[in-house]
*Asks:* 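Quick one: structure below, then a few questions.
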Amino acid sequence: MSQSPDSDTGETRARVLAEALPFMQAYENKTVVVKYGGHAMGDTELGQAFARDIALLKQSGVNPIVVHGGGPQIGKMLAQMGIESRFEGGLRVTDEETVKIVEMVLAGSINKEIVRLINAEGEWAIGLCGKDGNMVFAEKANKTVVDPDSNIERVLDLGFVGEPVEVDRTLLDLLARSEMIPVIAPVAPGRDGATYNINADTFAGAIAGALEASRLLFLTDVPGVLDKSGELIKELSVSEAKNLIRNGTISGGMIPKVETCIEAIERGVEGVVILNGKTRHSVLLELLTEHGAGTLIVR
Ligand SMILES: Nc1ncnc2c1ncn2[C@@H]1O[C@H](COP(=O)(O)OP(=O)(O)O)[C@@H](O)[C@H]1O
Ligand SMILES: CC(=O)N[C@@H](CCC(=O)OP(=O)(O)O)C(=O)O
């Protein structure tokens, strides 16, 4: 597909569809996990374009699963409540009060808005979090960071930040059979009774791994992984990615994203891509065009 799927002449549409057809057939009955980041959620129009892409995938016979974030939206709500956001190693330090707000924003307002947008495209989306159908259980995250100056490793105490340790695919399999599109918020219970806030990238990786997804796409607010001079890196091997984290080229929220890509590849997910969710129809452009978009992480 050489043109945007927005092109509106009948002839262009027919050509675009003809070019996209072999790609659509290749993804038929395949699971594609799309992580929709908080920074990629722009205005309503952009949200509608995203929802249209997801609906179109479903209508083409693909099994799309949306895992969403909402970091900036949580930050805004916390600020309104007079609570300052603090991040360590790209993860939100989450105390008991914060985790309640995280659940409210992610599994409440953001989740339901995405469901509404997809349903408005004629599909049946269903909003969930890790708690629903015993889908995901988490444990307190045990995360370490290496100080770039001293090179000393430090264990972080992030409070109620969790890591997914058990994923049960029963509910997701059921929904796939009933033609529903799951939209999942990255909140999960622990066997200890606590509720955990999980980085949405990590959560999406765990879901994609458990489902042996064909593709895992991360929609963010940058074209992909950028080098020191701000140029897009089109393809990145696992060892190159680790180096870029070590030397500080990859920082902040890009760290858990790239770490998740590496883990997902090691778990057998076929293709992992980081791309710009602010480019309209980037999901379709990635999946249904020869050249794709963003940074492809390879073994
Ligand atoms: N090397 C890099 N290439 C691209 N983005 C980077 C890089 N290092 C850090 N970042 C930051 O990571 C951000 C994306 O991560 P994050 O803010 O967590 O997005 P999301 O909310 O989509 O998960 C970018 O907006 C950018 O500021
Ligand atoms: C532990 C942790 O950091 N959780 C994230 C969950 C949301 C998220 O990951 O949203 P984005 O994808 O938009 O960044 C947070 O509280 O912000």
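Order of listing sets the numbers, starting from 1, for every ligand and every atom in it.
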*Asks:* Return yes when at least one protein heavy atom is under 4.0 Å from atom 25 (O) of ligand 1, and no when none is.
*Replies:* yes
*Asks:* Distance under 4.0 Å, heavy atoms only, partner ligand 2: which residues pass?
*Replies:* Lys35, Gly37, Gly38, Gly69, Gly70, Gly71, Pro72, Ile74, Leu91, Arg92, Val161, Asn197, Ile198, Asn199, Ala200
*Asks:* Considering only non-hydrogen protein atoms, determine which one is nearest to atom 15 (O) of ligand 1 and report residue, atom name and distance to 0.1 Å.
*Replies:* Gly253 C, 3.5 Å
*Asks:* How far is atom 8 (N) of ligand 1 from its nearest protein heavy atom, and which residue and atom is that?
*Replies:* Ser251 N, 3.1 Å
*Asks:* Less than 4.0 angstrom from a charged side-chain N to a carboxylate O is my criterion; do Glu166 and Arg191 meet it?
*Replies:* yes
*Asks:* Tell me, which protein residue and heavy-atom name are nearest atom 5 (N) of ligand 1, and how many Å apart are they?
*Replies:* Met254 CE, 3.3 Å
*Asks:* Under 6.0 Å from the CD atom of Glu139, do we count more than 12 heavy atoms belonging to anything else shown?
*Replies:* no
*Asks:* Decide whether Met180 and Leu211 are clustered together by the hydrophobic rule: side chain heavy atoms of Ile, Leu, Val, Met, Phe, Trp, Tyr closer than 4.5 Å, transitively.
*Replies:* yes
*Asks:* Which atoms from ligand 1 have a heavy atom of Val225 less than 4.0 Å away?
*Replies:* 3 (N)
*Asks:* Could you identify the single nearest non-hydrogen protein atom to atom 21 (O) of ligand 1 and state the distance to 0.1 Å?
*Replies:* His39 ND1, 2.9 Å
*Asks:* Salt bridge or not for Lys140 and Asp157, using N-O below 4.0 Å?
*Replies:* yes
*Asks:* What closest approach, in Å, do Ala188 and Ile198 show between heavy atoms, and which atom pair accounts for it?
*Replies:* CB-CD1, 3.7 Å
*Asks:* Would you check if Ile274 and Lys257 make a side-chain contact, meaning some heavy-atom pair closer than 4.5 Å?
*Replies:* yes
*Asks:* Assess, by modelled atom type and distance only, whether the side chains of Asp173 and Thr170 contain a donor and an acceptor separated by less than 3.5 Å.
*Replies:* no
*Asks:* In ligand 1, which numbered atoms sit nearer than 4.0 Å to a non-hydrogen atom of Lys257?
*Replies:* 15 (O), 19 (O), 20 (P), 22 (O), 23 (O)
*Asks:* Using a strict threshold of under 4.0 Å (side-chain N to carboxylate O), is an ion pair present between Glu103 and Lys100?
*Replies:* no
*Asks:* Determine, considering heavy atoms only, which of Val222, Asp221, Thr220, Asp227 sits nearest to atom 19 (O) of ligand 1.
*Replies:* Thr220
*Asks:* Between Leu226 and ligand 1, does any nitrogen or oxygen pair lie at a separation below 3.5 Å?
*Replies:* yes
*Asks:* List ligand 1 atoms under 4.0 Å from Gly38, heavy atoms only on the residue side.
*Replies:* 21 (O)
*Asks:* For Val161 and Arg92, which heavy atoms make the closest approach, and how far apart are they?
*Replies:* CG2-O, 3.0 Å
*Asks:* Number the atoms of ligand 1 from 1 as they appear, then name those within less than 4.0 Å of a heavy atom of Gly37, with their elements.
*Replies:* 22 (O)
*Asks:* Any side-chain heavy-atom pair from Leu46 and Phe50 closer than 4.5 angstrom?
*Replies:* no
*Asks:* Would you mind listing which atoms of ligand 1 come within a distance below 4.0 Å of any non-hydrogen atom of Gly224?
*Replies:* 3 (N), 4 (C)
*Asks:* Roughly how far, to the nearest 0.5 Å, is the CG atom of Leu57 from the CZ atom of Arg52?
*Replies:* 13.5 Å
*Asks:* Under 4.0 Å from a heavy atom of Ile250: give me the atoms of ligand 1 that qualify, with their elements.
*Replies:* 1 (N), 8 (N)
*Asks:* Do the non-hydrogen side-chain atoms of Leu244 and Asn247 ever get within less than 4.5 Å of each other?
*Replies:* yes
